[in-house]
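The structure displayed is predicted, hence computed values, not measured ones.
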Amino acid sequence: QVQLVESGGGLVQAGGSLRLSCAGSGGTLRMYMMGWFRRSPGKEREFVACISVDGARTDYADPVKGRFTISRDSAKNTVYLQMNSLKPEDMAVYYCAAGSSWNLGLTRDDYAYWGQGTQVTVSS
């Protein structure tokens, strides 16, 4: 069973950048479609971005398109989320997730494995 550990969260000023990492252990991430979700206070966990097993396809939630980039490095067994031009509304706990589908997953039900999350705080 694969385990996921997120890192890279922190405090950043609006307009700044952060890169989140999701490291896999207990299994290779190259078998999984990978996604990032986030949960803001008082809100449901929402889809942010996903990447296909082969890394050829990606999809993003509308609020982050053009600002966030998901990528994967199979050699490092790690998935990344590069976040640029951060806004206060991006502040949330960010979760990494792994799913078995060949197709891109936009909902929580598409993912079987989840990390514990990393906090991103954006000051205005």
Give a yes or no on whether [X] and [Y] share a hydrophobic cluster (residues Ile, Leu, Val, Met, Phe, Trp, Tyr; joining criterion: side-chain heavy atoms under 4.5 Å apart).
| X | Y | result |
| --- | --- | --- |
| Met33 | Phe37 | yes |
| Leu106 | Val79 | no |
| Val53 | Met31 | no |
| Tyr94 | Leu18 | yes |
| Met83 | Val122 | yes |

Subject >> Point-to-point distance, once rounded to the nearest 0.5 Å, from OG of Ser124 to CG of Leu86 >> reply: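 Interatomic distance, Ser124 OG to Leu86 CG, rounded to 0.5 Å: 13.0 Å.
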
Original post:
Can you tell me how far OH of Tyr113 sits from CD of Gln1, rounded to the nearest 0.5 angstrom?
Top reply: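 Separation between the atoms: 5.0 Å.
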
Subject >> pair Met34-Cys22: side-chain heavy atoms closer than 4.5 Å >> reply: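 Yes, close enough: below the 4.5 Å cut-off.
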
Subject >> Trp102 side chain reached by Arg57 side chain, heavy atoms, under 4.5 Å >> reply: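 The answer is yes; the side chains approach within 4.5 Å.
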
Original post:
Should Leu29 and Leu4 be marked as a side-chain contact (heavy atoms from CB on, under 4.5 Å) after you check the CA-CA gap, both sets of side-chain angles, and the distance that decides it?
Top reply: CA-CA 9 Å; Leu29 294 185; Leu4 306 174; 3.6 Å; yes

State, to 0.1 Å, how close [X] and [Y] come at their nearest heavy-atom pair, and which atoms those are.
| X | Y | result |
| --- | --- | --- |
| Val48 | Leu81 | CG1-CD2, 4.2 Å |
| Gly99 | Tyr111 | N-CD2, 3.6 Å |
| Ser101 | Asn103 | OG-N, 2.9 Å |
| Asp54 | Ser52 | OD1-OG, 2.7 Å |

Residues in side-chain contact (heavy atoms from CB on, under 4.5 Å) contact with [X], at least two apart in sequence or another chain:
| X | result |
| --- | --- |
| Gln82 | Ser17, Arg19, Thr69, Asn84 |
| Thr58 | Ile51, Tyr60, Ile70 |
| Thr121 | Leu11, Met91, Gln119 |
| Ala23 | Thr78 |

Subject >> Sequence neighbours excluded - salt bridge (Lys or Arg N to Asp or Glu O under 4.0 Å) pairs with any residue from residues 98-123 >> reply: Glu44-Arg108

Original post:
Does Glu6 reach the main-chain N or O of Thr118 with its side chain, forming a donor-acceptor pair under 3.5 Å?
Top reply: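 Not a single qualifying donor-acceptor pair exists.
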
All side chain to side chain donor-acceptor pair (under 3.5 Å) counterparts of [X], not counting sequence neighbours:
| X | answer |
| --- | --- |
| Lys65 | Asp62 |
| Ser21 | none |
| Tyr32 | none |
| Ser40 | none |

Original post:
Taking only residues two or more places apart in sequence or in another chain, which ones pass salt bridge (Lys or Arg N to Asp or Glu O under 4.0 Å) with Arg67?
Top reply: Asp90

Original post:
Partners of Glu46 by salt bridge (Lys or Arg N to Asp or Glu O under 4.0 Å), sequence neighbours excluded?
Top reply: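 Salt bridge (Lys or Arg N to Asp or Glu O under 4.0 Å) check on Glu46 returns Arg38.
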
Original post:
Name the one of Trp36, Phe68, Tyr95 that satisfies side chain to side chain contact (heavy atoms under 4.5 Å, CB included) with Leu20?
Top reply: Trp36

Original post:
Can you list every disulfide bond (SG atoms under 2.5 Å apart) pair that touches residues 27-68, not counting sequence neighbours?
Top reply: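 Checked against disulfide bond (SG atoms under 2.5 Å apart) - neighbours excluded - no pair reaches residues 27-68.
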
Subject >> More than 12 heavy atoms from other groups under 6.0 Å of CD on Gln116 >> reply: no

Original post:
So does Arg45 have more than 12 non-hydrogen atoms from other groups sitting under 6.0 Å from CZ?
Top reply: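 It does: Arg45 CZ has more than 12 such atoms within range.
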
